[in-house]
Chemist: 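One structure, as structure tokens, below. Some questions next.
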Amino acid sequence: MNAPAKVSDRLSATGTANALELRNVSKYFGALAALEDINITVRPGERRAVLGSNGAGKTTLFNCVTGDFLATTGNIRFFGEDISEFPPHERIRRGLRRTYQISLLFTGLSVRDNIYLSCVGVSRRRFSFLRPRRDDALMAAADNLVDVVHLTDDRDTLVSNLSYGQQRQLEIAMALAGAPRFILFDEPAAGLSPTERRELVDILNGLPGHMGYIIIEHDMDVALRVAESVTMMHNGRIFKEGKPAEIEEDPEVQALYLGGDDG
Amino acid sequence: MALIENTPAAIDAVERRSLFERIPAAYWLVGFVLLVMPTFASPFVLFQIFGWTFILGIIALSLMFLGGYGGMVSLAQMTFAGSAGYMLAIFGPSAITDISMNWPWYIAIPLALALAVLFGTLTGWLAVRTAGIYTIMITLAIAAAFFYFTRQNYTIFNGFSGFNGVLPPKLFGVDWRGSTAFYYLTLFWATLCYFAVLYLSRSPFGLALQGVRDNQRRMSALGYNANAHRVAAYAFAALLAGIGGILLTWQSAQISPGTAGIGPAIDILVIAVIGGLRHPVGAFIGAFIYVILKTFALDALVAVGLSGERFQLLIGLGFLVIVFWSPDGILGLWAKWRDSRGKDPLRDRGGDTP
Ligand SMILES: Nc1ncnc2c1ncn2[C@@H]1O[C@H](COP(=O)(O)OP(=O)(O)O)[C@@H](O)[C@H]1O
Ligand SMILES: [Mg+2]
């Protein structure tokens with residue numbers, strides 16, 4: 001490698017880089033193109049909503065960013081660093097987090113222990129043979145997150161005994177563990193009651209300003225209140241990007257998406 | 001799910017009680033009986049029955065740790081034990097003075113254990129790339145390779161006959177192969193290994209291992225390197241197996257290819273499954289049953305006019321019955337019985353269910 005390239009690499013790995021940059025990302029399942037030629041740029045601290053009908057490729061997009069699936073082609077940069085080939089845990093350790101559309105929780109553990117496990121995962125104590133002491137800093141961090149998502153009263157409840165809405169909140173808490181720089185929320189509001197939705201909006205709006213995210217959200221109302229930019233997806237492609245107001249008014253969008261088939 | 005018994009929050013609640021309260025009556029009782037055993041048990045019972053039970057229990061415990069917490073079934077645990085035994089014979093004293101280096105115990109034992117751990121780590125590194133039946137095949141292949149290699153290699157492993165005269169050091173002037181001394185020696189190490197596994201199951205490492213077992217994808221999305229945790233589990237399990245292997249070598253004062261052959265490798269699996277993989281105590285229950293059967297079944301069979309050879313058949317049948325009735329082994333049966341009674345004597349938190 002020649003020297004100038006190295007310098008620019010290092011420069012782009014520092015603060016000036018975009019939080020997330022996807023270049024020509026495609027994902028094929030056999031012949032099915034779940035993602036085709038996706039280009040997205042998200043600035044640090046930016047909050048973006050992704051909208052699109054069922055099967056549009058939104059979850060697949062997340063899976064490619066986190067490394068749950070490797071993208072078939074294309075290039076993904078996270079704060080300037082090329083993470084395209086990284087295994088999931090390496091991406092997570094760099095400050096990326098996600099939630100799952102269908103909750104993936106440890107149902108045999110309590111709320112607090114699920115979050116504790118999340119805190120340990122991005123700490124240096126992953127391989128510690130020592131049990132947590134009462135004044136354990138990670139346990140304290142976990143307790144704090146329990147409060148953030150309003151599960152204080154259910155701190156010691158087994159996850160299998162939580163309501164659906166509470167499980168969704170726990171998913172969010174697990175994504176907030178450690179010091180995330182960027183979070184991918186996969187339909188966190190789906191199936192929530194109006195009250196729970198309001199709480200969710202408050203939690204998202206209460207996140208520190210530097211914490212950017214992408215949220216997949218069907219409900220325009222929620223999306224408008226938690227995101228400052230919107231990306232519309234359809235059939236594995238991005239077909240519109242802009243401010244929420246622009247998107248809402250766009251006739252093409254209205255015909256295709258808001259006009260009825262928001263599955 | 002099994003993670004339930006290992007929650008740090010539950011520990012936290014428990015630790016507010018005093019040590020005395022925290023340890024259920026069953027532990028005090030079993031501990032007391034085991035401690036005073038030498039006052040009434042015969043040397044044969046101490047050395048042959050309990051000594052052997054504790055040793056096989058430790059080796060089966062290493063499999064319980066991998067299988068129960070890590071969801072990995074390894075047939076190579078006896079091989080790790082055997083490798084530690086061989087290294088002990090090679091570096092320490094034995095009757096084969098041409099090969100044995102006769103180094104002092106404080107060098108030979110740590111070296112033997114370290115090499116067993118290295119062996120286990122390498123095996124784990126290979127095995128974690130596979131799952132289910134393929135893990136079993138890989139570890140079986142390693143066990144078979146070790147058996148044939150030690151049998152054919154005369155320069156290091158002394159081939160077919162192996163090493164005899166592998167004796168424990170006369171530390172503190174005690175003959176550690178004396179029945180009472182050996183009983184306490186094996187009891188000590190069995191207890192230590194047992195509580196080490198219990199303790200570890202609630203450490204971040206143990207929790208993460210169980211998380212990887214239950215949902216690897218989720219753990220990756222939390223920043224865990226699933227395979228690294230699995231390999232580390234193999235390393236720790238090999239340490240346990242190595243301790244068992246050293247004690248096993250001292251017990252018979254010899255080590256030969258047959259010690260770690262395919263038969264013994266499968267016996268360890270049988271012991272662990274009979275006892276049950278859901279709690280460390282299962283390994284010792286399984287080992288006790290195995291030792292009793294192996295020691296007395298032959299006489300019992302002959303007494304009722306059957307050929308002593310049928311012993312293996314008896315174990316096989318017992319295995320079948322238990323696996324058929326309760327895939328969780330004796331512990332599973334116990335759990336069923338306990339559930340019907342609403343009591344919890346085995347878990348170290350007594351009835352303190354979260
Ligand atoms: N693991 C998979 N294997 C095969 N096809 C998949 C897989 N995951 C998603 N797909 C397909 O990719 C397309 C996009 O799915 P997805 O990203 O889940 O959509 P969305 O989240 O927008 O509803 C769908 O046609 C879906 O059937
Ligand atoms: Mg989806």
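Order of the sequence lines sets the chain letters (A, B, ...), proteins ahead of strands, with each chain counted from 1.
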Chemist: Name the region of B:A221, side chain, backbone, both or neither, that has any atom closer than 4.5 Å to a heavy atom of chain A.
Modeler: both
Chemist: Using 0.5 Å steps for rounding, measure from the CZ atom of A:R126 to the CG atom of B:L222.
Modeler: 11.0 Å
Chemist: Can you tell me if OH on A:Y164 sees more than 12 non-hydrogen neighbours from other groups inside 6.0 Å?
Modeler: yes
Chemist: At a heavy-atom separation under 4.5 Å, does B:A228 approach chain A through its side chain, its backbone, both, or neither?
Modeler: both
Chemist: What distance separates A:L109 CG from B:D214 CG, expressed to the nearest 0.5 Å?
Modeler: 8.0 Å
Chemist: Considering only heavy atoms from C-beta outward, does the side chain of B:F236 approach that of A:F129 to under 4.5 Å?
Modeler: yes
Chemist: Can you establish whether the number of heavy atoms outside A:I102 located under 6.0 Å from its atom CD1 is more than 12?
Modeler: no
Chemist: Can you tell me if A:R43 has over 12 outside heavy atoms packed within less than 6.0 Å of its CZ?
Modeler: no
Chemist: Just so I understand: if I count every heavy-atom pair under 4.5 Å between each of A:R98, A:R93, A:R94 and chain B, which residue has the most?
Modeler: A:R93
Chemist: Passes side chain to side chain contact (heavy atoms under 4.5 Å, CB included), B:R218 versus A:N114? Steps please.
Modeler: CA-CA 11 Å; B:R218 195 18 152 164; A:N114 268 269; over 6 Å; no
Chemist: Is a side-chain N or O of A:R131 found less than 3.5 angstrom from the main chain of B:S203, in a donor-acceptor match?
Modeler: no
Chemist: Is any side-chain heavy atom of A:F106 closer than 4.5 Å to one of B:L207?
Modeler: no
Chemist: Does any backbone or side-chain atom of A:N63 lie under 4.5 Å from a heavy atom of chain B? Answer side chain, backbone, both or neither.
Modeler: side chain
Chemist: Are B:M219 and A:L117 close enough, and set up right, to give a side chain to side chain contact (heavy atoms under 4.5 Å, CB included), and what steps lead you there?
Modeler: CA-CA 9 Å; B:M219 290 301 279; A:L117 212 48; 4.2 Å; yes
Chemist: To the nearest 0.5 Å, what is the distance between CG (A:D68) and CZ (B:R217)?
Modeler: 4.0 Å
Chemist: Counting only heavy atoms closer than 4.5 Å, note whether A:T66 contacts chain B via side chain, backbone, both or neither.
Modeler: neither
Chemist: Given side chains that start at C-beta, do those of A:R125 and B:F205 come closer than 4.5 Å, heavy atoms only?
Modeler: no
Chemist: A side-chain contact here means heavy atoms from C-beta on lying under 4.5 Å apart; do B:Y224 and A:I92 qualify?
Modeler: no
Chemist: Looking only at non-hydrogen atoms, find the nearest pair between B:R202 and A:P132 and report the distance.
Modeler: O-CD, 3.9 Å
